[in-house]
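All figures in this text were calculated on a predicted structure; none of them were measured in a lab. Per chain, numbering begins at 1; letters A, B, ... match sequence-line order. Just the heavy atoms: all of them, side chains too, but no hydrogens, waters or symmetry mates, feed the values below.
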2 protein chains.
Amino acid sequence: MDLWYTEKQTDAFGITAKVKRTLDEKQTDFQKLDMIETEEWGNMLVLDGMVMTTERDEFVYHEMISHVPLFTHPNPKQVLVVGGGDGGVIREVLKHPSVEKAVLAEIDGDVIASSKKYLPTIAGALDDPRVDVQVGDGFMHIAESENKYDVILVDSTEPVGPAVNLFTKGFYAGISKALKPDGIFVAQTDNPWFKADLIKTVQQDVKEIFPNTKLYTANIPTYPSGLWTFTIGSKTYDPIEDQRTAEIETKYYTKALHAASFALPKFVEDLTK
Amino acid sequence: MDLWYTEKQTDAFGITAKVKRTLDEKQTDFQKLDMIETEEWGNMLVLDGMVMTTERDEFVYHEMISHVPLFTHPNPKQVLVVGGGDGGVIREVLKHPSVEKAVLAEIDGDVIASSKKYLPTIAGALDDPRVDVQVGDGFMHIAESENKYDVILVDSTEPVGPAVNLFTKGFYAGISKALKPDGIFVAQTDNPWFKADLIKTVQQDVKEIFPNTKLYTANIPTYPSGLWTFTIGSKTYDPIEDQRTAEIETKYYTKALHAASFALPKFVEDLTK
């Protein structure tokens, strides 16, 4: 039988991927979880009908959300990842020798369990002794933290379902409080082709709280439009001027791409003004 | 009826777009031509089952294949476009006031006719008095030209069907001969996720002929993987060091993005070595 997984990324456009078999499928306490084995992308995690990560292209997202802030901060020691139950962001964070502790605040324990079983090259890092996995509400974790983290990475789903609170001004204010005085945060902020208004709103909201607010991009083939954005808010350091460099093994991020990823297409640049 | 156009970009992955109606459909002398009206992308030109251009995202490809070389050459006057029957590259070329003549060598007159009818905002530029439309074999046009052009842009389909000769070392040698001693050429060279070998081969072939050979990228949502590459070969000028700037109206290209588009993801950079 010829099985294809088709995701409508908008009402009128989507992607379709040939499926070998379904590995896991359940309604968790928070969302619909599907783990499928695809021919083109390897194992693929789908939440509420949206591709979260695939074995083949996961490195782009995970490297770019992590290394840009971690190579901006001069000495990141305490790092929080909100969401990110697949473990990919944690894996990249741990590549930085300065990091002493990486906390994962993931609301859905089933995402962690399924990722450990079916995405071992991504989730394996969660067993590292420097990692503190906390299954719980990231929003509450932020609200209860003060002056604690050097870097906070918001690896959320889209602003529907469990992640809806993670795209609010109150959340960004909480992040600012949870960060140390020279802290930095990055949030994934969807794509400029179909979600221009979201990017614009987040930029405006974050700018009110963080003196250095910028947008950068990366190419993620299994995400809508292939062009993904990340919003970075920094209290002290400038993500371009203060870029550190160090040898690190990557498949996407490079020293040159760090700054270049902030050079935006004109129609995307316009969303940040 | 709910109609969707699905393009298998590989054997196991593709895109799918909701269709309002079919505007044009024919077997030309060279390929299968479909012009469809889609909900997400506006009118869409499909050749041999591959999306060539759409009204909504065409500006990316057309701006990036044109402005990078035309802002590298100090004074481009004579420009040749091989392929590009939809007229989008010509439209961008004409934005440069130095250009005196822009020749279009398109093998398939039906592509031009259908584009003029159904993609008027793209093909309208073909009626400009500076444009010389020649319906014929671009490979032969190149072979018969010597020391003639400042810039040559190869806006071809994939290396199947009528475009197969346009991805050969003999063609690049012909381009070198057709260019003036300080000429520049750019060819679209597909995507690094599914066509890595092609990019690698073209880089090697072009490097043997052009002292300055580089690769740059752009995000095109309706093309496979969303990450498109362009190979630039230049006799004299360096596409980064010699970048000129001037005011020009664009939706994707910017002065900063010109250089930034040469900062490649690590796995793409590796294809150029």
Can you tell which of [options] has the highest number of heavy-atom pairs within less than 4.5 Å of chain B?
options: E7(A), K255(A), R56(A), Q9(A); value: R56(A)
options: G14(A), G226(A), A259(A), S261(A); value: G14(A)
options: A256(A), P224(A), S225(A); value: S225(A)
options: V60(A), T222(A), L264(A), T38(A); value: L264(A)
options: Y5(A), F59(A), F262(A); value: F59(A)

Contacting region of [X] [heavy-atom separation from chain A under 4.5 Å]:
X: K8(B); result: side chain
X: T254(B); result: side chain
X: V19(B); result: neither

Response to the item:
The interface call for V268(A) against chain B, heavy-atom contacts under 4.5 Å, is neither

Worksheet item: Is it the side chain or the backbone of Y253(A) that comes within 4.5 Å of chain B heavy atoms, both, or neither?
Response: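 Contact with chain B is through the backbone of Y253(A) alone.
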
Looking at every heavy atom in both [X] and [Y], which two are closest together, and how far apart are they?
X: F13(B); Y: A17(A); value: CD1-CB, 4.0 Å
X: K266(B); Y: K251(A); value: CB-O, 3.2 Å
X: A260(B); Y: A263(A); value: CB-CB, 3.3 Å

Worksheet item: Roughly how far apart are T217(B) OG1 and N219(A) CG, rounded to 0.5 Å?
Response: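 CG of N219(A) is found 8.0 Å from OG1 of T217(B).
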
Fill in: Other residues, nucleotides, ligands: >12 heavy atoms within 6.0 Å of K32(B) NZ
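Yes, NZ of K32(B) has more than 12 neighbouring heavy atoms, counting only those of other groups under 6.0 Å.
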
Worksheet item: Does atom NZ of K200(B) have more than 12 heavy-atom neighbours from other groups under 6.0 Å away?
Response: no

Discussion item. Can you confirm whether the side chains of D57(B) and W193(A) place a donor and an acceptor under 3.5 Å from each other?
Written reply: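 No, W193(A) and D57(B) have no side-chain donor paired with an acceptor closer than 3.5 Å.
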
Worksheet item: Are the side chain of D11(A) and the backbone of E40(B) linked by a donor-acceptor contact shorter than 3.5 Å?
Response: no

Worksheet item: Is the closest side-chain heavy-atom distance between T6(B) and T16(A) below 4.5 Å?
Response: yes

